[in-house]
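What follows is a single structure, written as structure tokens, with notes after it.
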Amino acid sequence: MNVTLHFHFEEFACKDGTPYPEDWITDRLLPLAKDLEKIRERIKKPLLITSAYRTPEHNKAVKGAPNSYHVKGLAVDFKVMSKIDEKSISPDALYAIIDEMIKSGEIRDGGLGKYKGKTIVHYDHGEPGRRWTK
């Protein structure tokens with residue numbers, strides 16, 4: 001089932017096999033997926049979701065933050081999918097693009113993070129203004 005044009009409901013499920021809570025689809029998942037669509041449109045490349053919803057147990061197993069927005073269904077970690085022969089967008093560049101989109105009001109202000117040595121970026125619809133690198 002598609003949530004938006006390019007994102008499927010299953011992509012937001014917990015990696016332990018637990019589906020995204022149906023009660024949260026309208027208020028949480030749909031707004032987040034719509035912002036991901038806007039990011040995808042801006043960079044003109046597909047996004048690969050590496051982590052979205054997490055059960056409390058799975059969040060603990062992956063050493064996620066105790067009050068993670070992933071557990072609340074409001075966060076997503078992702079990276080740019082690109083073919084070997086295409087120029088990829090670095091996590092630093094992706095972070096900067098998303099930060100610019102937040103500042104311009106194109107997408108919701110929330111948490112934005114990047115992880116040193118990894119290709120993923122974190123974006124959430126939690127507390128506005130949170131930025132970090134780890």
Side-chain angles (χ1 to χ4, degrees):
M1 167 175 95
N2 279 7
V3 178
T4 61
L5 180 61
H6 296 102
F7 295 101
H8 304 278
F9 180 71
E10 295 79 18
E11 292 179 87
F12 296 91
C14 183
K15 297 299 181 193
D16 71 3
T18 305
Y20 189 96
E22 289 188 25
D23 292 351
W24 294 351
I25 293 172
T26 303
D27 295 340
R28 299 180 193 193
L29 179 57
L30 192 55
L32 185 61
K34 285 180 178 179
D35 280 350
L36 288 174
E37 283 287 351
K38 291 175 188 175
I39 294 166
R40 186 185 193 281
E41 177 60 31
R42 169 67 72 88
I43 65 171
K44 307 278 190 244
K45 293 185 183 290
L47 302 175
L48 175 66
I49 296 171
T50 60
S51 181
Y53 170 66
R54 295 180 191 155
T55 62
E57 297 79 17
H58 185 70
N59 188 61
K60 187 175 181 180
V62 298
K63 298 181 177 141
N67 294 318
S68 174
Y69 285 103
H70 286 279
V71 177
K72 299 172 185 175
L74 294 169
V76 63
D77 295 336
F78 59 96
K79 62 183 178 178
V80 175
M81 290 176 51
S82 63
K83 295 179 183 173
I84 294 170
D85 60 342
E86 292 180 6
K87 185 175 174 160
S88 185
I89 296 172
S90 73
D92 289 341
L94 181 58
Y95 179 98
I97 290 166
I98 296 168
D99 194 39
E100 175 191 315
M101 292 177 75
I102 290 169
K103 288 176 182 171
S104 71
E106 292 174 69
I107 61 175
R108 187 182 298 186
D109 190 359
L112 179 60
K114 59 184 173 177
Y115 305 93
K116 292 178 184 176
K118 295 190 178 184
T119 59
I120 62 169
V121 171
H122 171 98
Y123 172 64
D124 68 56
H125 279 183
E127 181 183 335
R130 290 178 4 271
R131 305 287 182 272
W132 71 90
T133 59
K134 292 184 184 184

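In what follows, every heavy atom counts, from backbone to side chain, and hydrogens, waters and symmetry copies are set aside. Count residues from 1 along the sequence.
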Please confirm whether the backbone N or O of Gly73 pairs with a side-chain atom of Tyr20, one donor and one acceptor, at under 3.5 Å?
-> yes
Is the side chain of Asn59 donor-acceptor paired with the backbone N or O of Pro66 at a distance under 3.5 Å, no angle test?
-> no
From [atom1] ([X]) to [atom2] ([Y]), nearest 0.5 Å:
X: Lys72; Y: Asn67; atom1: NZ; atom2: CG; value: 5.5 Å
X: His125; Y: Leu29; atom1: NE2; atom2: CG; value: 10.5 Å
X: Leu74; Y: Asp124; atom1: CG; atom2: CG; value: 7.5 Å
X: Met81; Y: Arg40; atom1: CE; atom2: CZ; value: 8.5 Å
X: Glu106; Y: Ile97; atom1: CD; atom2: CD1; value: 11.0 Å
X: Leu94; Y: Arg42; atom1: CG; atom2: CZ; value: 11.5 Å

Listed partners of [X] passing side-chain hydrogen bond (donor to acceptor under 3.5 Å, both in side chains), at least two apart:
X: Arg28; value: none
X: Tyr69; value: none
X: His8; value: Asn2
X: Lys103; value: Asp99

Side chains of [X] and [Y]: does their closest heavy-atom pair fall under 4.5 Å?
X: Ile25; Y: Glu22; answer: yes
X: Val80; Y: Leu47; answer: yes
X: Arg131; Y: Ile102; answer: yes
X: Leu112; Y: Val121; answer: yes
X: Ile107; Y: Tyr123; answer: yes

On a heavy-atom basis, which atom in [X] and which in [Y] lie closest, and how many Å separate them?
X: Ala13; Y: Pro19; result: CB-CA, 4.0 Å
X: Ala33; Y: Phe12; result: CB-CZ, 4.1 Å
X: Pro56; Y: Val71; result: CG-CG1, 4.0 Å

Sorted by chain and number, sequence neighbours left out, salt bridge (charged side-chain N to carboxylate O under 4.0 Å, His left out) with Glu10 holds for none
Give the C-alpha distance, both sets of side-chain angles, the deciding distance and a yes or no for side-chain hydrogen bond (donor to acceptor under 3.5 Å, both in side chains) between Asp92 and Ser90.
-> CA-CA 5 Å; Asp92 289 341; Ser90 73; 5.1 Å; no
same_hphob_cluster(Leu30, Ile49) at 4.5 Å side-chain heavy-atom cutoff = yes
Same hydrophobic cluster for Leu5 and Met1, using side-chain heavy-atom links shorter than 4.5 Å among ILVMFWY?
-> no
Ring centre gap for His70 and His58 strictly below 6.0 Å | no
Other residues, nucleotides, ligands: >12 heavy atoms within 6.0 Å of Lys34 NZ = no
Hey, is NZ on Lys60 packed in by over 12 heavy atoms from elsewhere, all under 6.0 Å?
-> no
Name the one of Leu48, Leu36, Thr119 that satisfies side-chain contact (heavy atoms from CB on, under 4.5 Å) with Phe78?
-> Leu36
Asp35 and Ile98: side chain to side chain contact (heavy atoms under 4.5 Å, CB included), yes or no, with the steps?
-> CA-CA 10 Å; Asp35 280 350; Ile98 296 168; over 6 Å; no
Grouping ILVMFWY residues whenever side-chain heavy atoms fall under 4.5 Å, the cluster of Ile120 otherwise contains Tyr115, Trp132
